[in-house]
Amino acid sequence: MAKAQGTVLEVAGHEVTVTHPDKMVFPEAGHPAGGVGVTKLDLVQYYLAVAEGALRGVSGRPMVLKRFVKGIDEEAFFQKRAPSNRPSFVEVAELKYASGRSAEEAVIRDAAGLAWIVNLGCIDLNPHPVLAEDLDKPDELRIDLDPMPGVEWAQIVEVAFVARQVLAEHGLVGWPKTSGSRGFHIYARVDPTRPYKDLRLAAETVAREVENRVPELATARWWKEERGSQVFVDFNQNAKDRTIASAWSVRAVADARVSTPLRWDEVAHCRMEELTLATVTRRYTEQGDPWEGIGEQPGTLDALLALAKELGPAEKPPKGVGRRQSTMPLIEIAKTKTKPEALEWLEVWKAKYPDVAAKLEPVDVLVDGMRGRSSLWYRIRINLQHVPEAERPPQEELLADYNPWAGMTWNQEN
DNA sequence: GAGATCG
DNA sequence: CGATCTCAACGCGAC
DNA sequence: GTCGCG
Ligand SMILES: [Mn+2]
Ligand SMILES: [Mn+2]
């Protein structure tokens with residue numbers, strides 16, 4: 001071929017081309033064979049080594065492709081519509097949206113599909129909680145535990161065990177994994193008989209019940225500024241068209257952490273920083289996949305939905321007139337193009353108000369990644385809840401006021 | 001990342 | 001021919 | 001419809 005050079009692999013009876021096999025994807029991450037640096041071909045080889053486990057999480061499920069074509073440090077984009085020139089071993093499933101639009105998402109069923117996806121620049125795998133055969137009847141309840149800044153592992157573990165208990169009391173078997181980022185995931189398979197609406201309600205019910213049992217440790221509150229040093233039980237991750245990085249997915253972080261399935265007896269003492277592409281292949285080879293039995297005892301959402309009725313409608317936040325009025329004393333500090341820039345301005349602000357800065361807790365600094373139409377920028381907000389009213393600095397002119405529309409041409413369509 | 005289009 | 005351009009997402013609740 | 005959130 002004139003252009004499409006690359007390494008051709010024979011995988012599961014199919015030929016898969018890996019373009020730019022030597023491209024350094026994780027320059028700082030350890031390599032399974034020792035040394036530092038993980039290439040695109042290494043990433044493919046990783047997924048082939050754990051293929052059976054990785055496929056247990058994604059096979060037969062429509063997937064969103066999260067593509068890092070410019071590297072792990074650059075902005076990724078999501079691709080729902082599978083490329084039209086896909087090979088025969090990649091199927092599609094047509095998802096329909098409330099908007100009336102639809103998308104043919106990729107569905108893979110073998111290791112060749114894994115290699116093909118990695119070649120597109122994907123690093124983690126993002127399957128929907130449904131099988132291609134029935135796109136509106138989810139078969140997987142996903143408990144997504146997102147620790148607020150500063151929350152430590154011991155607290156995450158405690159919340160995870162409470163969530164496991166709540167699931168068990170309602171007839172569900174929870175399967176634990178690290179997220180590969182800071183948080184934790186617990187999945188429970190269910191019979192695919194109910195719509196997304198019920199899945200989300202069940203997840204919200206788990207979240208509320210966990211919060212009720214350990215209110216100091218966990219929260220079900222959606223608005224960031226209303227959360228304390230808690231683990232957010234992110235029930236909205238069970239809404240339609242939302243996905244989570246699957247088991248055995250490598251995450252796009254410098255050390256190439258893996259979302260690693262665990263046995264419950266490992267959870268308390270696991271060290272997620274040690275579960276990386278470099279270490280996890282050996283673990284998989286020696287110990288197998290802790291989630292091997294995940295499909296064996298699917299439960300139902302019935303008991304959780306009954307509990308939802310018992311708990312009644314969730315308490316709604318106070319409503320104001322017009323704009324949503326925040327419960328918290330929030331001020332905005334800076335808007336910037338990059339996160340490091342934003343953090344620099346945060347330091348500038350802290351230097352300006354050292355006495356105030358000393359009173360802030362980690363959860364009071366809100367670093368928001370803002371998604372525009374096709375741009376990403378950052379915003380720093382400060383929650384002054386822990387600062388006595390008299391000492392609170394006012395909302396001032398922004399230290400930096402990045403304009404996401406700057407440089408855009410005037411003749412954009414609307 | 002890949003295909004289309006530009007020069 | 002290589003260089004450059006273009007494209008690649010959306011659900012949900014509150015307001 | 002827009003914003004916040006993921
Ligand atoms: Mn999470
Ligand atoms: Mn989340």
Side-chain angles (χ1 to χ4, degrees), chain A residues 1-6 17-21 23 25 40 62-71 74-87 95-106 116-123 126 128-129 136 138 142 144-146 148 179 181-183 185 195-197 199-201 203-204 207 219-227 232-245 313-328 330 332 366-376 379 381 404 409 412 414:
Chain A
M1 292 291 127
K3 173 187 163 285
Q5 79 278 46
T17 302
V18 178
T19 58
H20 313 294
K23 179 180 176 186
V25 179
K40 191 178 174 192
M63 298 170 72
V64 175
L65 305 178
K66 187 176 185 183
R67 300 181 59 185
F68 292 83
V69 299
K70 293 178 179 173
E74 298 296 317
E75 189 182 340
F77 60 87
F78 294 92
Q79 180 165 5
K80 292 168 177 288
R81 295 169 182 82
S84 52
N85 65 341
R86 56 193 173 258
L95 280 78
K96 317 234 184 198
Y97 305 121
S99 62
R101 288 159 49 83
S102 66
E104 289 195 328
E105 292 193 4
W116 175 78
I117 282 180
V118 173
N119 184 57
L120 288 175
C122 299
I123 294 178
N126 292 272
H128 289 272
D136 293 310
R142 299 171 173 177
D144 176 25
L145 304 180
D146 291 340
M148 291 295 286
S179 75
S181 181
R182 287 211 333 108
H185 299 152
Y196 271 103
K197 196 169 128 40
L199 184 74
R200 180 176 174 281
L201 177 58
E204 182 178 15
T219 177
R221 287 182 184 260
W222 178 245
W223 301 104
K224 277 191 198 173
E225 66 260 32
E226 296 177 5
R227 303 175 199 159
F232 172 49
V233 187
D234 183 4
F235 55 88
N236 271 330
Q237 215 58 257
N238 289 268
K240 181 179 174 176
D241 200 47
R242 316 208 43 181
T243 59
I244 298 183
E315 185 188 327
K316 299 297 177 204
K319 47 178 93 176
V321 192
R323 282 177 58 106
R324 184 179 82 90
Q325 67 178 51
S326 173
T327 342
M328 294 294 173
L330 287 180
E332 208 169 15
L366 305 170
V367 182
D368 309 313
M370 308 296 289
R371 272 150 297 276
R373 187 74 191 90
S374 77
S375 64
L376 182 62
R379 179 180 71 178
R381 289 178 298 165
T409 56
Q412 47 194 308
N414 243 345

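All values derive from a computational prediction rather than experimental measurement. Order of the sequence lines sets the chain letters (A, B, ...), proteins ahead of strands, with each chain counted from 1.
- A salt bridge between A/Asp136 and A/Lys96 is absent, with no side-chain N of the basic residue lying under 4.0 Å from a carboxylate O of the acidic one.
- Residue A/Arg381 places its side chain closer to D/dC5 than to any other of B/dA2, C/dC10, D/dC5.
- A close approach under 4.0 Å does not occur between any side-chain nitrogen or oxygen of A/Arg101 and OP1 or OP2 of C/dG11.
- Note: CG (A/Asn236) to C1' (D/dG6) measures 8 Å, nearest angstrom.
- Here the P atom of nucleotide C/dC10 and the CZ atom of A/Arg242 are 14 Å apart, to the nearest Å.
- A donor-acceptor pair is defined here as one N or O able to donate and one able to accept, closer than 3.5 Å; no such pair exists between the side chain of A/Asp146 and the backbone of A/Gly183.
- With distances taken from any side-chain atom of A/Leu120 to the nucleotides C/dC10, B/dG1, D/dC5, the minimum falls on B/dG1.
- The listed nucleotides are B/dG1, C/dC12, C/dC10; the one nearest the side chain of A/Arg200 is C/dC12.
- The side chain of A/Asn85 lies closest to B/dA2 when the candidates are D/dG6, B/dA2, C/dA14.
- Here the nucleotide nearest the side chain of A/Ala239, chosen from C/dC12, C/dA8, C/dC10, is C/dC12.
- Of all nucleotides listed (B/dG1, C/dA8, C/dA9), B/dG1 comes nearest to the side chain of A/Asn119.
- Between the CZ atom of A/Arg86 and the C1' atom of B/dG3 there is a distance of 16 Å, given to the nearest Å.
- The shortest distance between the side-chain N/O atoms of A/Lys23 and the OP1/OP2 oxygens of B/dG1 is below 4.0 Å.
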